*Asks:* 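There's a structure below that I have some questions on.
Sequence lines set the chain letters: A, B, ... in the order given, protein chains first and strands last, and positions in each chain run from 1. Since we're looking at a predicted model, the values are computed, not measured.
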4 protein chains.
Amino acid sequence: MANSNRKDNRKNEIIDAALKVFSEKEYQDATISEITKLVGISEATMYEYFGSKEDLLFAIPGKITAEAIEFIEQILPFIRGAEGKIKAIVQNYLTVCQNNPEYTSLVMLQLKTNRNFRSTEAFKIIRKGALILLDCIKEGIDDGTFKSTTDPYLERAIILGTIEHLCTRWRMMGSPANLIEHGDRIVNSVLHGIVEKKDARRVSLHLELDDETGDESAPSDAPDKK
Amino acid sequence: MANSNRKDNRKNEIIDAALKVFSEKEYQDATISEITKLVGISEATMYEYFGSKEDLLFAIPGKITAEAIEFIEQILPFIRGAEGKIKAIVQNYLTVCQNNPEYTSLVMLQLKTNRNFRSTEAFKIIRKGALILLDCIKEGIDDGTFKSTTDPYLERAIILGTIEHLCTRWRMMGSPANLIEHGDRIVNSVLHGIVEKKDARRVSLHLELDDETGDESAPSDAPDKK
Amino acid sequence: MANSNRKDNRKNEIIDAALKVFSEKEYQDATISEITKLVGISEATMYEYFGSKEDLLFAIPGKITAEAIEFIEQILPFIRGAEGKIKAIVQNYLTVCQNNPEYTSLVMLQLKTNRNFRSTEAFKIIRKGALILLDCIKEGIDDGTFKSTTDPYLERAIILGTIEHLCTRWRMMGSPANLIEHGDRIVNSVLHGIVEKKDARRVSLHLELDDETGDESAPSDAPDKK
Amino acid sequence: MANSNRKDNRKNEIIDAALKVFSEKEYQDATISEITKLVGISEATMYEYFGSKEDLLFAIPGKITAEAIEFIEQILPFIRGAEGKIKAIVQNYLTVCQNNPEYTSLVMLQLKTNRNFRSTEAFKIIRKGALILLDCIKEGIDDGTFKSTTDPYLERAIILGTIEHLCTRWRMMGSPANLIEHGDRIVNSVLHGIVEKKDARRVSLHLELDDETGDESAPSDAPDKK
DNA sequence: AATGAATGAGGGTTCATTCAT
DNA sequence: TATGAATGAACCCTCATTCAT
């Protein structure tokens, strides 16, 4: 066990160094030498722990991703309502990214577009996370929170695409500097839309019956008129 | 002119071949040799037309991108309403991608995350396209179509992120096979949201007064019918 | 003739540009392109005038060298005495170098150590110059100005070697800044030596005692007997 | 130590091969491949020992030069008189060249005119050697062996220039075949000059008349009056 | 006379990877 | 467990040179 622990430590040291290097430069421009120098070991030693340069690359995101998914799985049961759950997922996603800029760079700029990555253990975990999000959306549809016509896959694509776009921008250009504060705003906008609801006729109906009609509760019909 | 034409033709031949090769494999794994063999010229000849491998890479997206932006600029003045304009932009974007799978692969999988690409002429054109979209959103806010609280930048991020996500998925996994048909659905969902507007209190009121308010037949479903 | 003149002009333009370029960088690092750009012609045009890069290189020193030799040949008959003639030759050599720094760089740093240069027309001219110097030394020996034991070839090597050393240093390091003023000093030192001839006393001793003077104790003249 | 020895051996093997190749052809025409084939290693291995082709080139003369300087430093203290010392230095120089023809070719034909070489460790050693020679000349001036008007720098230039000229000729044309035997002749000629001190008659005159023969009035000084 | 266009030939250099120790 | 030593395998790029026009 002591052995295995020591091995694991060394392995993690290598992974940490690799994350640092791979996040700074393209995979092809990063060298094993640079990584091992950072750890203070020989290049040959790296091959005692990882089969190849690519193996090392793919081993990096595993831990952070797994922890993030684990965390959200623990949290979710305590949250009521699809919207709340989605907000939790998005918030968690953005928080992890914000707190791990190098990890974010690696995932958004390199792994996401790497074909071989898709056959990786780490990718399976990510897929699992995407499935959780999908389930929340479906749950919202099933319980009537979301329109029954909602395409859960498209909705997930919108949410994930938005996060990816923002994270990529953040790593490439430095803005937006603060991801976390965008969490709820993203979800609100995506779930509720931005179209102003004003339907004279129906609004008048409402007015007669109920004067509490606000932004959030406004009828969602307007858009379709076009 | 004959001269310049011949040169241009040769240049385009090289670009076409490069697009083919660069879209199939990572930039670093693609070789000049492979590209020039495809054209039937020597490697040295390539260097008569482009200064370096990277120069060639960055020269590829120029034409398609420029044409797409040009087209949308011509179309836009004839479209009324922010929502319509946004739909046109998204539709155009997706159509270009669908019709140019290799171009899409190149842009989504390689150029988008390439730091040097940002100082490129082609990137400036892309930026211009993003600005047009932003202006449409702002226009919608200004004319009251969209809620005044809307963050146009976030909204643009949502739209672009969604498109990028879908295009990337398409090139990586082959699905969704048909991008174009997602255009309006994306915009509808993003602009109108998916939250069902029923407020228990208000619903009960409605029920008493109006029997036409139903889940399935609700106005909010309309978009999906398209 | 007009044609031939025009051709010659163009040829000289190219030679001038080549001299500039070749004197600045090693032959191998200089490019035809750089030279032709300086002239404002295409690279192909250069090949209309010279057979190859090396041909061009070897064509450069011809004119200056020939003129210098010609000049010294005209001057020499008017000078009396071997020492005066040698001084004239050295002075002329140094003056040419001083006035043509690029030519000097070319000859001293590149051509002198180029094996192919030895089969060149320009080299023959240089050889002729060396022969003239040799003849002056021989003349000095024959007429008793120089010791009969003098090795004219070695003496020429001393003179030429010194000039080459100084010129090389000048071009490599910038010093001595003024070559010309070294002319007479070189010849004086070389011809007369630097050993102090003192010692009437010792001489008288010898005279009184013995004409079998040995090497070590011999007056300063002895060594040359060997 | 065993390790370091093995590495050093390998390094020396490469240097030896490089010397052979670089002395035969111009630096630019020599290839790493040719050198490493001679050693029986891969080209990549060469780069484990030397950073670049030029690094290898500059590493070659180090050992021989250092040894030569070291040797002369050990010998010099045992030699009396400036002339003797200078003869020892020249003799040593020529002997090293004669015994190391390839080294001589490299130094005389390539390194001497290579600007980058001047910032090399090996060049510093050479400079040191030149300083030793200069000191001997100065010593001769100070102790009255040489005329007080002697320019030690010019004198050094004469001696070194002559050696360089002869060595260069030897490597380029094969003559003189024997350098070593020229050692003393060079020094004698350079130090004592070749001008015939005529006049046994005048000498006898001096003897009879005056034993205080001084610098300025000596027959051999005449030339300097000019 | 001039050159635009094309290329053959090659060479230095870099690294991921291996393996004996 | 760790690594020193070695290398195979490429690739980008440069230029002198040619030739049809």
*Asks:* In whole angstroms, how far is the C1' atom of E:dT18 from the NZ atom of A:Lys53?
*Replies:* 17 Å
*Asks:* Which residues pass the side chain to side chain contact (heavy atoms under 4.5 Å, CB included) test with B:Ile126, sequence neighbours left out?
*Replies:* B:Thr65, B:Phe117
*Asks:* Report yes or no: is the cationic atom of C:Lys11 (NZ for Lys, CZ for Arg) closer than 6.0 Å to the six-membered ring centre of C:Phe50, at no more than 45° off its axis?
*Replies:* yes
*Asks:* Which nucleotide wins on minimum distance to the side chain of B:Ser52, given the candidates F:dC13, F:dT17, E:dA16?
*Replies:* F:dC13
*Asks:* Does the side chain of C:Gln110 come within less than 4.5 Å of D:Thr113's, by heavy atoms?
*Replies:* no
*Asks:* What integer distance in Å separates A:Leu57:CG from E:dA16:P?
*Replies:* 12 Å
*Asks:* Going by side chain to side chain donor-acceptor pair (under 3.5 Å), name the residues that satisfy it together with B:Glu24, two or more places apart in sequence or in a different chain.
*Replies:* none
*Asks:* Between F:dC11 atom P and D:Ile32 atom CD1, what is the distance in whole Å?
*Replies:* 21 Å
*Asks:* Return the residues of residues 41-50 of chain A meeting this criterion: a heavy atom under 4.0 Å from some atom of DNA chain E. Order them by number, or give none.
*Replies:* A:Glu43, A:Ala44, A:Tyr47
*Asks:* In whole angstroms, how far is the C1' atom of F:dC12 from the CD atom of B:Glu34?
*Replies:* 15 Å
*Asks:* Wobble G-U and Watson-Crick pairs count when both distances are under 3.5 Å; given that, what is the 5' to 3' dot-bracket string of DNA chain F, with | for pairing to other strands?
*Replies:* .||||||||||||||||||||
*Asks:* Grab the CG-P distance between A:Asp29 and F:dC11 for me, whole Å please.
*Replies:* 16 Å
*Asks:* In whole Å, I'd like the distance from the CG atom of D:Asn9 to the C1' atom of F:dG4.
*Replies:* 16 Å
*Asks:* Can you give each donor-acceptor pair under 3.5 Å made by side-chain atoms of residues 12-22 of chain C, sequence neighbours left out, with the distance rounded to 0.1 Å?
*Replies:*
{"from": "C:Asn12", "atom 1": "ND2", "to": "C:Asp8", "atom 2": "O", "distance (Å)": "3.3"}
{"from": "C:Glu13", "atom 1": "OE1", "to": "C:Arg10", "atom 2": "NE", "distance (Å)": "3.1"}

*Asks:* Salt bridge (Lys or Arg N to Asp or Glu O under 4.0 Å) with C:Glu164: which residues, sequence neighbours excluded?
*Replies:* C:Lys112
*Asks:* Tell me the salt bridge (charged side-chain N to carboxylate O under 4.0 Å, His left out) pairs involving residues 113-127 of chain A, sequence neighbours left out?
*Replies:* A:Glu121-A:Lys124
*Asks:* Take D:Gln28 and C:Gly40, find for each the nucleotide of DNA chain E with the closest heavy atom, and name the residue whose nucleotide sits nearer the 5' end.
*Replies:* C:Gly40
*Asks:* Check the distance between E:dA1's P and C:Glu13's CD and give it to me in whole angstrom.
*Replies:* 15 Å
*Asks:* With sequence neighbours left out, what residues match A:Glu43 under side chain to side chain contact (heavy atoms under 4.5 Å, CB included)?
*Replies:* A:Ile32, A:Ser33, A:Thr36
*Asks:* Given atom CG of A:Leu56 and atom C1' of E:dT17, what is their separation to the nearest angstrom?
*Replies:* 14 Å
*Asks:* Return the set of residues passing salt bridge (Lys or Arg N to Asp or Glu O under 4.0 Å) with B:Glu34 (not counting sequence neighbours), or none when no residue passes.
*Replies:* B:Lys25
